[in-house]
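Data block below; observations after.
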Number of protein chains: 2
Amino acid sequence: MADEIPQPGHEPERPPSRRERARAATIEEIKQTALRLMREQGTTDFRFSDIARLMGMTAPALYRYFADRDELLTELIVDAYNDLGEAVAEARDQIPVDDPGGRFAAVAHSYRRWAREEPQRFALILGMPVPGYHAPEEGPTTEAARRAMAQLKSLFYEATQAGLLRRPMLADDDASIARMLAEHHEAKDLPIDGPPVAPETFQAMLHCWASLHGFTCLESYGHLDWMPGELRDAIFESSIRLIAKVAGLPEPGLLTLPGDD
Amino acid sequence: MADEIPQPGHEPERPPSRRERARAATIEEIKQTALRLMREQGTTDFRFSDIARLMGMTAPALYRYFADRDELLTELIVDAYNDLGEAVAEARDQIPVDDPGGRFAAVAHSYRRWAREEPQRFALILGMPVPGYHAPEEGPTTEAARRAMAQLKSLFYEATQAGLLRRPMLADDDASIARMLAEHHEAKDLPIDGPPVAPETFQAMLHCWASLHGFTCLESYGHLDWMPGELRDAIFESSIRLIAKVAGLPEPGLLTLPGDD
DNA sequence: TCGTGTTTGTTATGTCGAGTAACAGTTCTA
DNA sequence: TAGAACTGTTACTCGACATAACAAACACGA
């Protein structure tokens, strides 16, 4: 009785059985249905009973797959991080490595587009989560966030390696920042994977992220709705170029960004 | 029976009666209690029953003051907008008008400080609101948001008038943006009160807001928690100076920002 | 093929919070 | 002081989360 319980985390790698595939499919359907509800209702909330009804089931059946609402939410958050990270990485990798300016533009556009297309999922990961939800401390969500942010960093790292990154424009003496960053690079407690970058590069990267994220947040939550879309697009494009220039990235090659409407 | 219902919105101006004062005090206590609960629980959610319990009342009594949860939330949102706007305006006005760089720094610091001190209220206005809540279209929240943003604009307007604003650094040719902005200034459908500013100034202002907001959002929702506070402060300060420089604002006078920790 | 244990669904039920109804005490005002 | 308005109460409905107990389908070894 006692050792029948499988220890989660290091299951032996065997081919998934028929039942396991069915279970995985159901889990996926539950998540997709939850996302559909969020999209239709425009919130980050959903009801178990609604999910069950749309799936032709009763609500308690869902508890066979998720212990509670929080567990489902956590999975959705992790998926959203991964999805955003993948979307950004894919857009980035469609631009040649020797055009880091273009790569950053692609990252920025895909970040914005993802947020516009999935405002609820965007709110899920970068807004304040659903009331009553408490993310597991240092859990999978933190891990996924770390990975997503690494996408941006690798861009700067590659640019540095290729010698395509000018010194970023910085406000003034940043000796203290450089020192603090160096200390923490040594202590290796920065959450970004991969090799280290120069302090001023790191700072430029963070500035890029914050500016990009700020515009995206404002737009995604409707705070820029008073601007016509055409104007928003133009201002975003201009802002991104400005940010890139300030961060020391070269001018992007003039090309149509893939998938940019 | 029919015409007993008072039409909301144009009540005659008489001195508040004893009862009206008591009612206003109760409404205020309800709001404060809701805020206290939000702060204690770290969410934008609250339970009517909890509010009532903390006030020594029963839950249904609250419906004498607010028709439902949404109505209370709307008031809290409006209050938050006004509060943030006031905090920002106050910080700004403690710096002389002839130091627009310093004024912007003060605005930025107070914006950030407010968000850090009241992350729940910040989420309430600039994040995705509580599930199930639907803001009244073009209602008081929109109005309050408009006013709050006008605080930033007036800073740039004053700087322009005083001839202290250099031409902002822009990415490249922005003729189309200038044209679109000019059209919308003529159409007067921009949400910002007060006299118009030049298109490039407007663009710079928006860039300032987005960058400031981005950093603030990331920090307020804990996405920068991996940085020690000292480093966050330094990077924020540096970023703000950079943004100001890029926007064409002069270097701020070296002074201790009021209330800055 | 059969029987047993696991998985996945069901219905019935408990709990809790939003919101309403009916009623009671208090305060204002004519 | 009587009636109207206001503000609170208790009792109740409703809907959602979550659990318990049970039933059907499935997997698999003898």
Side-chain angles (χ1 to χ4, degrees), chain A residues 1-6 8 11 14-30 33-34 37-38 41 43-74 76 129-134, chain B residues 1-8 11-12 14-30 33-34 37-38 41 43-74 76 129-134:
Chain A
M1 268 281 194
D3 50 356
E4 278 180 0
I5 302 163
E11 322 234 328
R14 29 167 193 179
S17 75
R18 172 173 167 71
R19 257 196 184 154
E20 281 167 341
R21 275 182 287 122
R23 182 176 181 82
T26 307
I27 287 178
E28 189 55 32
E29 190 184 350
I30 292 172
T33 309
L37 281 168
M38 280 170 39
Q41 299 166 180
T43 66
T44 51
D45 202 15
F46 50 79
R47 284 185 277 274
F48 261 38
S49 43
D50 286 347
I51 297 177
R53 185 176 38 77
L54 287 173
M55 291 178 65
M57 297 169 56
T58 57
L62 299 181
Y63 290 86
R64 297 283 179 201
Y65 300 93
F66 296 96
D68 52 13
R69 233 165 113 270
D70 274 20
E71 198 172 296
L72 174 51
L73 262 175
T74 299
L76 291 177
V130 179
Y133 171 75
H134 291 288
Chain B
M1 269 281 192
D3 51 356
E4 280 180 0
I5 302 162
Q7 290 166 328
E11 321 235 331
R14 34 175 186 174
S17 74
R18 173 174 167 69
R19 251 194 191 157
E20 282 167 340
R21 276 182 288 123
R23 183 177 179 82
T26 306
I27 287 178
E28 189 54 32
E29 189 184 350
I30 293 172
T33 310
L37 280 168
M38 280 169 40
Q41 297 166 181
T43 66
T44 51
D45 202 14
F46 49 79
R47 283 186 279 273
F48 262 38
S49 44
D50 286 347
I51 297 177
R53 186 176 39 75
L54 286 174
M55 290 177 65
M57 297 169 58
T58 57
L62 299 182
Y63 290 86
R64 298 286 178 200
Y65 300 92
F66 296 96
D68 52 13
R69 234 165 111 269
D70 275 18
E71 198 171 295
L72 173 52
L73 263 175
T74 300
L76 292 177
V130 179
Y133 172 75
H134 291 287

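Please read these numbers as outputs of a predicted model, since none were measured by experiment. Lettering of chains follows the sequences in order, A, B, ..., and the numbering in each one begins at 1.
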Starting at [atom1] of [X] and ending at [atom2] of [N], how long is that distance when rounded to a whole Å?
X	N	atom1	atom2	answer
Glu71(B)	dG19(C)	CD	C1'	14 Å
Arg47(A)	dA18(D)	CZ	C1'	16 Å
Ile30(A)	dC17(D)	CD1	P	13 Å
Leu62(B)	dT10(D)	CG	P	14 Å
Leu73(A)	dA18(D)	CG	P	10 Å
Arg69(A)	dC16(C)	CZ	C1'	14 Å
Asp45(A)	dG15(D)	CG	P	17 Å
Leu72(A)	dC17(D)	CG	P	11 Å

Less than 4.5 Å apart, side chain to side chain, heavy atoms only: is that true for [X] and [Y]?
X	Y	result
Leu72(B)	Ile51(B)	yes
Glu20(B)	Arg23(B)	no
Asp50(B)	Gln41(B)	yes

So what does Phe46(A) hit on the nucleic acid, given a heavy-atom distance under 4.0 Å: a base, only sugar-phosphate, or nothing?
->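 Result for Phe46(A) = sugar-phosphate.
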Name the nucleic acid region contacted by Arg19(A), choosing base, sugar-phosphate or nothing; use a 4.0 angstrom heavy-atom cut-off, strictly under.
->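 Base: the residue Arg19(A), judged by heavy atoms under 4.0 Å, touches a nucleobase.
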So, OP1 or OP2 of [N]: does either fall under 4.0 Å of a side-chain N or O from [X]?
X	N	answer
Thr58(B)	dG8(D)	no
Tyr63(B)	dA21(C)	no
Arg18(B)	dC28(C)	yes
Ser49(B)	dA18(C)	yes

Given side-chain contact (heavy atoms from CB on, under 4.5 Å), test Phe46(A) with Leu73(A) step by step and report yes or no.
-> CA-CA 10 Å; Phe46(A) 50 79; Leu73(A) 262 175; 4.0 Å; yes
Closest-nucleotide ordering on DNA chain D, the 5'-leading residue of Arg64(A) and Phe48(A) |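 The answer here is Phe48(A).
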No-H, no-angle donor-acceptor pair, Arg23(B) side chain to dC6(D) base, under 3.5 Å =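 No, the side chain and the base share no sub-3.5 Å donor-acceptor pair.
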Run the numbers on Tyr65(B) and Glu71(B) for side-chain contact (heavy atoms from CB on, under 4.5 Å), then give the verdict.
-> CA-CA 9 Å; Tyr65(B) 300 92; Glu71(B) 198 171 295; over 6 Å; no
Ignoring the backbone of Pro60(A), work out which of dG9(C), dT9(D), dT11(C) is nearest its side chain.
->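 Selected nucleotide: dT11(C).
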From the options dT10(C), dT8(C), dT9(D), select the nucleotide whose nearest atom is closest to the side chain of Tyr65(A).
->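 Closest nucleotide among those given: dT8(C).
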On DNA chain C, nearest-nucleotide positions of Gly56(A) versus Asp68(B): which is more 5'?
->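 With Gly56(A) and Asp68(B) compared, the 5'-side residue is Gly56(A).
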